[in-house]
Amino acid sequence: MQFTSEQRLDDGVLAREFTLGEIPGTLWTPASTAPAPLILMAHNNGLPKGQSRLVARARLTAAYGYAVASIDAAGCGDRPRSAADEQARADLRRAIQAGEPVDEIFESLVGPLVERAVPEWRTTLDALLALPGIGGPVGYSGWAALGIRLAVVEPRIAAAGFFAGGYVPRAQREEARQVTVPLLLLLQWDDEGNPRQRALDLYDAFGSKEKTLHANMGGHLGTPSFELEDGGRFFARHLR
């Protein structure tokens, strides 16, 4: 892992850009020198690590005393996309404009993204836990499809917070039954692009003995700011 830049932010959080082979990432660490639990943070369906809402979440979470890391995995963010990825995205735009069904297009786009992303996130986790000042346990926050697969294959993840506002492929909906870590699922009740019942069915499928559903009124981008505070309390119960 090679750090390429660093910036001390107003709240004392240190933001550092890094590369790990071909993987670009950002690590936010709190001002405290005590070893910090680690939270992996991913945006829905492969959006970039530099997306403003993810950065805001990461900074606030780091200010609560956590190390937070995000990467652009293969096909995500600014990473090169395959011809199949580009075709799926073009098909998706056309279908949305025409008002046509999009589930199968999302399957062809999001499923391969998850398959390629998981190994790179696990490689990044190995490197992060080797750094001074970062310790376990490890949490995950964000993109549900990726988080489901990681929670199934990565035993170091101790708790997870998922957003119900992104498409979850059929394979991960089946894998949800194998997720047993404590879980917090955020649902926007009026999310126009994500059927409410599908999110409720996903929540029901999770195998976790401790799972909590927070449903708020409003559309896709309307998640209340207080959910960040509630998320902090959730992770404090399981990562401290």
Side-chain angles (χ1 to χ4, degrees), residues 1 13 18 20 23 25-30 32-44 49 54 57-71 73 114 117-166 168 171-187 199 202-214 223 227-240:
M1 178 175 284
V13 169
F18 66 83
L20 182 61
I23 307 169
T26 308
L27 174 64
W28 295 266
T29 48
S32 171
T33 58
L38 174 64
I39 296 179
L40 306 179
M41 191 169 287
H43 215 320
N44 274 345
K49 64 182 179 60
L54 184 147
R57 287 169 45 222
R59 286 185 59 173
L60 184 57
T61 303
Y64 286 157
Y66 299 95
V68 182
S70 186
I71 65 170
V114 171
V118 166
E120 294 199 348
W121 277 94
R122 298 187 76 185
T123 296
T124 303
L125 178 57
D126 291 340
L128 290 168
L129 290 179
L131 294 174
I134 297 180
V138 179
Y140 173 89
S141 174
W143 181 12
L146 172 68
I148 290 168
R149 172 61 60 85
L150 278 175
V152 169
V153 303
E154 181 48 73
R156 291 173 290 187
I157 291 180
F162 296 153
F163 292 161
V168 177
Q172 276 67 64
R173 280 179 253 161
E174 287 296 320
E175 284 182 321
R177 305 177 191 284
Q178 303 175 49
V179 174
T180 58
V181 298
L183 177 68
L184 173 64
L185 182 68
L186 298 184
L187 169 62
L202 179 66
Y203 175 76
D204 190 52
F206 284 119
S208 303
K209 292 183 178 179
E210 180 182 335
K211 57 182 179 180
T212 302
L213 174 67
H214 283 189
T223 304
E227 287 293 358
L228 278 172
E229 300 172 5
D230 287 349
R233 286 189 285 269
F234 167 77
F235 284 117
R237 289 197 299 272
H238 303 291
L239 302 185
R240 296 292 189 182

Are any of the side-chain heavy atoms of [X] and [Y] separated by less than 4.5 Å?
| X | Y | value |
| --- | --- | --- |
| W28 | T61 | no |
| V68 | V13 | no |
| V153 | R122 | yes |
| L27 | M1 | no |
| L20 | I71 | no |
| F234 | T212 | no |

Kindly compute the distance separating [atom1] ([X]) from [atom2] ([Y]), expressed to the nearest 0.5 Å.
| X | Y | atom1 | atom2 | answer |
| --- | --- | --- | --- | --- |
| W143 | I148 | CH2 | CD1 | 11.0 Å |
| L228 | R233 | CG | CZ | 11.0 Å |
| L186 | Y203 | CG | OH | 11.5 Å |
| E227 | E229 | CD | CD | 9.5 Å |
| S208 | R177 | OG | CZ | 13.0 Å |
| K49 | I23 | NZ | CD1 | 12.0 Å |

Which pair of non-hydrogen atoms, one from [X] and one from [Y], has the smallest distance, and what is that distance?
| X | Y | answer |
| --- | --- | --- |
| R57 | S141 | NH2-OG, 3.0 Å |
| A159 | H238 | CB-CB, 3.7 Å |
| A158 | V181 | O-CB, 3.7 Å |
| A73 | E120 | CA-OE1, 3.3 Å |
| A42 | L54 | C-CD1, 3.8 Å |
| A36 | A67 | CB-N, 3.7 Å |

Name the orientation class of the two ring planes belonging to F162 and F206 (parallel below 30°, tilted from 30 to 60°, perpendicular beyond 60°). tilted
Sub-3.5 Å donor-acceptor pair from the side chain of R173 to the main-chain atoms of L202, do we have one? no
Honestly, is R240 close enough over Y66, meaning NZ or CZ under 6.0 Å from the six-membered ring centre and within 45° of the axis? yes
Stepwise side chain to side chain contact (heavy atoms under 4.5 Å, CB included) test for L185 and K211: CA-CA 8 Å; L185 182 68; K211 57 182 179 180; over 6 Å; no
Might you work through the side chain to side chain contact (heavy atoms under 4.5 Å, CB included) test for R156 and L129, ending with a clear yes or no? CA-CA 10 Å; R156 291 173 290 187; L129 290 179; 3.9 Å; yes
L38 and side chain to side chain contact (heavy atoms under 4.5 Å, CB included): which single residue from I157, L131, L128 fits? L128
Side chain to side chain contact (heavy atoms under 4.5 Å, CB included) for V179 and Q172? Distances and angles first, verdict last. CA-CA 10 Å; V179 174; Q172 276 67 64; over 6 Å; no
